[in-house]
Amino acid sequence: MNQDYIKPDNWSIIEEGFDAEKVKSSESLFSLGNGAMGQRANFEEAYSGDTFQGSYIAGVYYPDKTRVGWWKNGYPEYFAKVLNAPNWIGINVNVNGENLDLHTCTSITDFRRELNMKEGWYQRSFNAVLSNSIEVSVKSTRFLSLEIDEIGAIRYEVTPINKDATIEFMPYLDSGITNEDTNWDDKFWDTYDLAHNKNSGYILSKTMKTDFHVCTAMLNHIFVDGKQQKVHPKTEINGTYVNLKYSVKSSKGTTASIIKYGGYTVSSKHRESDLEYTSSGLLQKASELGFDTLLEKQKKAWATIWDMSDIVIKGDVKAQQGIRFNIFQLNQTYLGKDARLNIGPKGFTGEKYGGSTYWDTEAYCIPFYMATKNQEVARNLLTYRYHHLDKAIENAKKLGFINGAALYPMVTMNGEECHNEWEITFEEIHRNGAMIFAIYNYVRYTGDYRYIPEKGLEVMIAIARFWHQRATFSTDKNKYVILGVTGPNEYENNINNNWYTNYLAKWCIEYCVKNIDTVKETYQEDYDRIIKKTNISQSEIQAMVEVAEKMYFPYSEKYEVYLQQDGFLDKELITVKDLDVSQRPINQKWSWDRILRSPYIKQADVLQGFYMFEDKFTKEDIERHFDFYEPFTVHESSLSPCVHSILAATLDRMDQAYEFYLRTSRLDLDDYNKEVEEGLHITSMAGTWMSIVEGFGGLRVKDNKLSFAPKIPKEWDGYAFNVNYRNQILKVDVSQEGTSFSLEGDQELLIYVHDKELKISPNNQVTV
C-alpha cells in the first residue's frame, strides 16, 4: 500500500483536505464515464499546479507511428493511441477580477470531493481565500448522463463569504490539447470550424489519419440565488478555443452558479454534416429536462445497474468499498451497447497502454459481463473478435504464417496489431488461446451453442492453424515444442516451451476438432459453409491432432510440477520473502537484464492455466503448483492477485485468499503499484469480481449446471451477489451460518452446492 487517504465508505469514494501531491492520483480515482465517453476528475476552474488533463471518446484513436531504435521485419507500423479529446468541462472563474486557482489561493479549507457510485455523480467543494482577500465557497457537481450518453452536465456554484463580489464565469471549449502519451509529438486533431449561438458554443474537429469527425459542444445557463439570469455573454474565439464570458453580481452569502451541458457527437454514430445540428438538439433536450431531472434519471439508471451487478459485503467497509469501486468503473467503461467497442486497460481514465483491447477482455472481463448483464453483452464482445478475424489472419501472414492461420493482436483498435515491443508483439502468443477459451466459457455458461456454428468455429479453425504451424517437431524429444515465446509472466522473454502456452495450444486444437465434429453432426448447413470458406481438409485436421497429441510439457520430477519453461530450474531460486524489501518493486528498481535472469514472476503463469483448466487437475496438483510458484511471484501486474485469490480459496486458504482479494480490490484506491496517477486498472477490476464470485463463492459450471462451494473470510459477517444464468437471476447470500439461494425466473433450477444437488424453484429461497 502506498497511499491511504480515501475515506472508507460503503457507497462513495471520498477525499477530505486539499493536497497538491494527490491531485493527479485523485484525477484518476474520481474519473467518470458512461460507456460512450469519459473524463479524468480535472478541476473545472483553472489549475496551474501539476495535473493530467484527460477527456476521452469511446472508439476514437490515432495511429501514432512506431518509434523504435532498430526496426525488425513484422513490426506494426503504428501504436494506436487513445486520444485526449477536446476539453468541454472547463469553466474559468474570476472573483472581483481575480482568477480562481487552487494552486495560487492564499488558503484552502473544507476541501472535499466525493464520487457517489450508487447514483453516478461526482462532487467537489471547498472554501478558498484568493490573493485579493475575497473568500468564496465553491461547490461543483457533475455527471455523464446514461440517459443521453453524448451529454454530460455540470453545476458550478460560487458563494462570496466575506464581501459582495462580481463573479465572472467563463465556460469554454478547447480542442488545442495534446496527449500525455505520444511518440513523435504529432498533432492529433485538426480543428476546422468554430461557432457560437447565444449561450452555446461548438468546435468541429477531426483526427489526423483516422479521420474521426467530432463536434464538441456546450450550452450554459447562469443563476443567482437559484433564479436564472438573462446574461448576454461576451465571446472569445480563436483557432481552437471558444469562450463565453458571463458577469453577475453576487452579494455576500448569495450563490451565483452556472449549469453547463456539454459533450461530443461523433461521425461513427452520425453523418459528418449533421454533427453540429445533432449536438444542438441533444443540448436542448438536456436543457429542457433540466439538471435536477437529468440527475434523477441518472440515479434511476444506476439503480438498475446496481440491482443486478452489486456485491454486498457485511462487516468490512474497505472490502465493500473496493468491490463497488471496481464494479462501478467497469460499468462506466463498457455497457455492451455497441459491438464495435471494447474494454481498454485504462478505460476513460488515462492513456497508458494505448489500444482498446487486450487479452484481458477474454480472460477476465467476459465472466463479469456474462453474469451481470444479459448474454447479448458478452456475445457482443465475442462478435468484436469475430469481426477482426480477417485482420488477425493478415497479422499472422505478415509474420510468415499461411493458409488462413490467425494471430490475434496483443493490442488493437481495429484488429491490426499495434504493439511494438518485440517480446510482446511476436512472442506473447498465448493471447490467441484466450480467444478460444472465451468462446468455450461463454457457451458453457449461457448454453448458447449457436454462436459456434454462426461465428466461433471460423475463429477456432484459424487459431488451430496458427498453433499447428507455430509448433516445431523436436526429433530429440519426439514431441512438438513451441520455441521463442513469452508467457503471461512478462519477466521472462524468448524462452522455450512455456507450459501455459503449450497447454493452451493443445487444448485449442482439441476443442476446435471437437466442435468441427459437433457442427457437422448438428448444423450441416453451417458446416458446409464453414468448410467451403476455410477450405480445411481431413488431412489438415489430422495433422493438427498429431501436434496436440504430441505436445511437449516441461516437467520436474524433483518438485513434481510442470515447469514454467525449459530453463526455469537453471535460475537462482530465491523466493520473494528472501528478497530485500528495498528492491521492490523490481520493475522500478532492477535492470531488465537482471529481471530476465531472475526467478521472479510478474503474474500467474502456470497458475493461470490451473485456474482456467481447474477441472483437468486434482486439488493436490493445484496445491503443489501453487506452493511452488506463488513464493516466486511479485504480483507486479494488476492481473495477478485475483487469480491467486481464487486458487487460494479453492485450497481453503482463506487468509491468503482474503489478502489477495483486498489487494486486487483496492489496487488503485491504495495505489499498490505507485502508478495510479496514470489511470486506473480497469480490466483487472473484473478479476476482483471473480475473486468473490468464483473464489469465495466457488461458482463453476459443471455438467452443464451451476456449481457453488461457498466460503467466507473470517473478516466478513456475510456477502451476497447475483448472477444472470441463462436468463434467470440467481441470488446468492453467504453468511457465517450458511448460504441462501433464491431464484427470479420461471423455471426450476438445479444447481450443485459442495457437490450436492439442490433444486431451487422460482421465487423461492433455499438455505443450506
Cation-pi geometry met for Lys81 and Phe188 (6.0 Å, 45°): no
Whether Ser28 side chain and Leu680 backbone form a donor-acceptor pair below 3.5 Å: no
Checking ring pair (Phe, Tyr, Trp, His ring centres under 6.0 Å) against Phe696, which of Phe721, Phe660, Tyr658, Trp716 comes through? Trp716
Quiz question: by atom type and distance under 3.5 Å, do the side chains of Asn587 and Tyr491 form a donor-acceptor pair? yes
Note: Glu677 and Arg40 closest approach over all heavy atoms is O-NH2, 3.1 Å
Side-chain contact test, heavy atoms from C-beta onward, threshold under 4.5 Å: evaluate it for Trp689 versus Tyr369 and give yes or no. no
Would Lys260 pass as a cation-pi partner of Tyr172, given that its NZ or CZ must be under 6.0 Å from the six-membered ring centre and within 45 degrees of the axis? yes
Could you check whether His681 and Gln329, counting side-chain N and O atoms only, form a donor-acceptor pair closer than 3.5 Å? no
Could you check whether atom NZ of Lys269 has more than 12 heavy atoms from other residues, nucleotides or ligands sitting under 6.0 Å from it? yes
After noting the C-alpha distance and the side-chain angles of Glu417 and Arg431, does the key distance pass the salt bridge (Lys or Arg N to Asp or Glu O under 4.0 Å) rule? CA-CA 12 Å; Glu417 177 64 78; Arg431 70 219 187 213; 3.2 Å; yes
Side chains of Asn116 and Lys299: is there a donor and an acceptor less than 3.5 Å apart? no
Residues Asp9 and Arg324 bridged, charged N to O under 4.0 Å: no
Are the ring centres of Trp302 and Phe143 closer than 6.0 Å? no
Do Thr486 and Glu423 meet the criterion of a side-chain donor-acceptor pair at a distance under 3.5 Å? no
Ring-ring centroid check Phe18 Phe126, cutoff 6.0 Å: no
Is Glu45 paired with Arg124 through a side-chain N to carboxylate O contact shorter than 4.0 Å? yes
Flag, side chain of Gln3 to backbone of Leu669, donor-acceptor distance under 3.5 Å: yes
The salt bridge (charged side-chain N to carboxylate O under 4.0 Å, His left out) partners of Arg584 (sequence neighbours excluded) come to Glu636
Using the rule given for side-chain contact (heavy atoms from CB on, under 4.5 Å), can you reason through Asn179 versus Leu83, listing the C-alpha separation, both sets of side-chain angles and the distance that settles it, and then say yes or no? CA-CA 7 Å; Asn179 260 46; Leu83 278 193; 3.9 Å; yes
Only one of Tyr264, Tyr61, Trp189 passes ring pair (Phe, Tyr, Trp, His ring centres under 6.0 Å) with Phe212; say which it is. Tyr61
Would the distance check show the side chain of Asp174 and the main-chain N or O of Gly176 forming a donor-acceptor pair, the cut-off being under 3.5 Å? yes
Would you say the side chains of Asp186 and Tyr62 form a donor-acceptor pair under 3.5 Å? yes
Backbone N/O of Gly33 and side chain of Gln332: donor-acceptor pair under 3.5 Å: yes
